[in-house]
Amino acid sequence: MSDFKDKVYKVLRTVPKGKVVTYGQLAAMAGSPKASRAIGLFMKTNPDAPRTPCHRVVGSDGKLIGYSGKNGVPGKMQMLKEEGVKFKGDKVDLEKSQWRQN
DNA sequence: AAAATGACGGTGT
DNA sequence: TACACCGCCATTT
């Protein structure tokens, strides 16, 4: 497996409940700030579904995209709400729920 | 090995 | 503000 991919999952697993990260941010932490596209690809593949909270990954504007889960994006939004993530209409309130290492 | 694909992001119109 | 296009990266066929 590529180190990049492993790194992405590692970081993603570090994201606490009730917080979210953007694809770009996640990519940056993994070592490639512009690999946001690849990140989504990993989420789709998602070999570690149960241990990888891919539902905590949102777009740069906090908009929910993707999610191959059971209920799709709507279910993802619901799940995040349950975890305590604040929402702004159909998007996540990044000002309050975006995860920050620092 | 080369080309196509995709759960993105930013910029332009 | 909304839609379209281009650029980036890693995976898959």
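Labels below follow one simple rule: chain letters A, B, ... track the order of the sequence lines, proteins then strands, and each chain is numbered from 1.
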(message) Can you confirm whether A:K86 is buried at NZ, in the sense that more than 12 heavy atoms of other residues, nucleotides or ligands lie under 6.0 Å from that atom?
(response) no

Rounding to a whole Å, what distance do you find between [X]:[atom1] and [N]:[atom2]?
X     : N     : atom1 : atom2 : answer
A:K91 : B:dA7 : NZ    : C1'   : 17 Å
A:D61 : B:dA7 : CG    : C1'   : 15 Å
A:Y9  : B:dA7 : OH    : P     : 14 Å
A:Y23 : B:dG6 : OH    : P     : 15 Å
A:M43 : B:dA7 : CE    : P     : 12 Å

(request) Report the distance from atom CD of A:Q25 to atom OG of A:S60, rounding to the nearest 0.5 Å. (result) 11.5 Å

(message) Quick check: closest heavy atoms across A:E83 and A:K17, and the distance to 0.1 Å?
(response) CB-CG, 3.8 Å

(request) Grab the two heavy atoms, one from A:L12 and one from A:M43, that are nearest each other, plus how far apart they are. (result) CD2-SD, 3.7 Å

(request) Would you please classify the geometry between the A:Y67 ring and the A:H55 ring as parallel, tilted or perpendicular, with 30° and 60° separating the classes? (result) perpendicular

(request) May I ask you to decide if A:A28's main-chain N or O and A:S32's side chain share a donor-acceptor pair within less than 3.5 Å? (result) no

(request) Check whether any side-chain N or O of A:Y9 sits under 3.5 Å from a backbone N or O of A:F42 as a donor-acceptor pair, and report yes or no. (result) yes

(message) When you group the ILVMFWY residues by side-chain heavy-atom contacts below 4.5 Å and let the links chain together, are A:I65 and A:V85 in the same group?
(response) no

(message) B:dG9, OP1 or OP2 - any side-chain N/O from A:S60 closer than 4.0 Å?
(response) yes

Pick out the pairs of N or O atoms, protein on one side and nucleotides 9-13 of chain C on the other, that lie under 3.5 Å.
{"residue": "C:dC9", "atom": "O4'", "partner": "A:K34", "partner atom": "O", "Å": "3.4"}
{"residue": "C:dT11", "atom": "OP1", "partner": "A:S2", "partner atom": "OG", "Å": "2.8"}
{"residue": "C:dT11", "atom": "OP2", "partner": "A:S2", "partner atom": "OG", "Å": "3.4"}

Polar-atom pairs under 3.5 Å, protein N or O versus N or O of nucleotides 11-13 of chain B: list them with distances, or write none.
none

